[in-house]
There are 2 protein chains.
Amino acid sequence: MDQTYSIAELAREFDVTPRTIRYYEAEGMLAPDRKGQRRIYSPRDRVTLALILRGKRLGFSLAEAKEIIELYDAPQGEAGQLRVLIEKLASKRDALEAKRRDAESALASMDEYAARCRERLNELENTDR
Amino acid sequence: MDQTYSIAELAREFDVTPRTIRYYEAEGMLAPDRKGQRRIYSPRDRVTLALILRGKRLGFSLAEAKEIIELYDAPQGEAGQLRVLIEKLASKRDALEAKRRDAESALASMDEYAARCRERLNELENTDR
DNA sequence: TATGACGTTTACGTTAACGTAAAGTTATAA
DNA sequence: TTATAACTTTACGTTAACGTAAACGTCATA
């Protein structure tokens, strides 16, 4: 039998509030099962939530995150749909690549700066001896 | 003589509005010279703006971007300050690393998914022959 | 049976990050 | 000298992404 999660469990795991998770559902990004009125989350819901939050961390809006998620469960029925899907994937991939490059150049310049700082610190430490 | 920029020039170059640039100044992240009441931006101001916008693209808030920028022009006078600065740089570096890893794992799973889509498309194209 | 613990809906509140409009200033071109 | 283009300040408006509070349901356990 497949594992399930309560809203509080997911909230704890991902360090968000239940309100946040319900908000994503209201925005059409999650559709957990119900047991009575309670929400029951599947492992798949959990993956979706993780996708949303990773998107947010990378600076995507919820609307953009939603687009990406929708790509992941788009219908791959016929060839036409598949071609469109592949196109859209390539476009999102470009956006991601850009972010990775941004992160890499930021890291590079920061590392360079930190190296100069350490150098300067070394000089200071060897001067006062 | 060093180059300068008007607010509209920078706005055009970075694809933001003048309002946005003025807002960053009001938040204490920019301090352009004035010629009369007009703002005159230096190459250094331009770099700062680029830093802000890169931070935003990576999902940092303006407050976080400001912290990073302040590290870049922190006083490196004495050894104590330098040590604190180096510590803070390491912490920001970690945040950046995390974003890069997020971007990389997102790229990896997306590439994998796209590959499966292309495979499926290939099958469809060879079946109807 | 009552008392938490956990969940629910509804609805109004909040904040960051600007957008937008109004009214005035300043340099340049016709 | 007037017009227009680019700038300025002031101030109120807007939107995304939740926070927060109220009032209620339900299930286990003391």
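Note that this is a predicted model, so its numbers are computed, not measured. The figures that follow rest on heavy atoms only: side chains count, while hydrogens, waters and symmetry mates do not. Residue numbers start from 1 in every chain, and the chains themselves are labelled A, B, ... in the order their sequence lines are given, proteins ahead of strands.
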I need the [atom1]-[atom2] distance between [X] and [N], as an integer number of Å.
| X | N | atom1 | atom2 | answer |
| --- | --- | --- | --- | --- |
| Glu25(B) | dC18(C) | CD | P | 15 Å |
| Arg12(A) | dA5(C) | CZ | C1' | 11 Å |
| Glu64(B) | dA16(C) | CD | C1' | 12 Å |
| Phe60(A) | dA16(D) | CZ | C1' | 17 Å |

Indicate the atoms forming the closest heavy-atom contact of Gln76(A) with Tyr113(B), along with that distance.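 Closest pair (atom of Gln76(A), atom of Tyr113(B), distance): NE2-OH, 3.9 Å.
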For Glu25(A), which of Arg19(A), Lys66(A), Arg34(A) qualifies under salt bridge (charged side-chain N to carboxylate O under 4.0 Å, His left out)?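 Between Glu25(A) and the candidates, salt bridge (charged side-chain N to carboxylate O under 4.0 Å, His left out) is satisfied uniquely by Arg34(A).
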Judged by each residue's nearest nucleotide on DNA chain C, which is more toward the 5′ side, Glu27(B) or Ala8(A)?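 By nearest-heavy-atom nucleotide position, the 5'-most residue is Ala8(A).
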Which residue, Arg19(A) or Arg22(A), contacts DNA chain C at a nucleotide closer to its 5' end, judged by nearest heavy atom?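 Looking at the nearest nucleotide for each, Arg22(A) comes out on the 5' side.
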Short side-chain N/O contact to dG19(C) OP1/OP2 from Thr20(B), under 4.0 Å: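 Yes, such a contact exists.
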Of the options [options], whose atoms approach the side-chain atoms of [X] most closely?
| X | options | answer |
| --- | --- | --- |
| Tyr23(B) | dG7(C), dT8(D), dA17(C) | dA17(C) |
| Tyr24(A) | dG7(C), dC18(D), dC18(C) | dC18(D) |
| Lys56(B) | dT8(C), dC18(C), dT25(C) | dC18(C) |
| Gln37(A) | dT8(C), dT9(D), dG19(C) | dT8(C) |
| Thr17(B) | dG19(C), dT9(D), dT26(D) | dG19(C) |
| Arg38(A) | dG25(D), dT8(D), dC18(C) | dG25(D) |
| Arg34(B) | dG7(C), dG19(C), dT9(D) | dT9(D) |

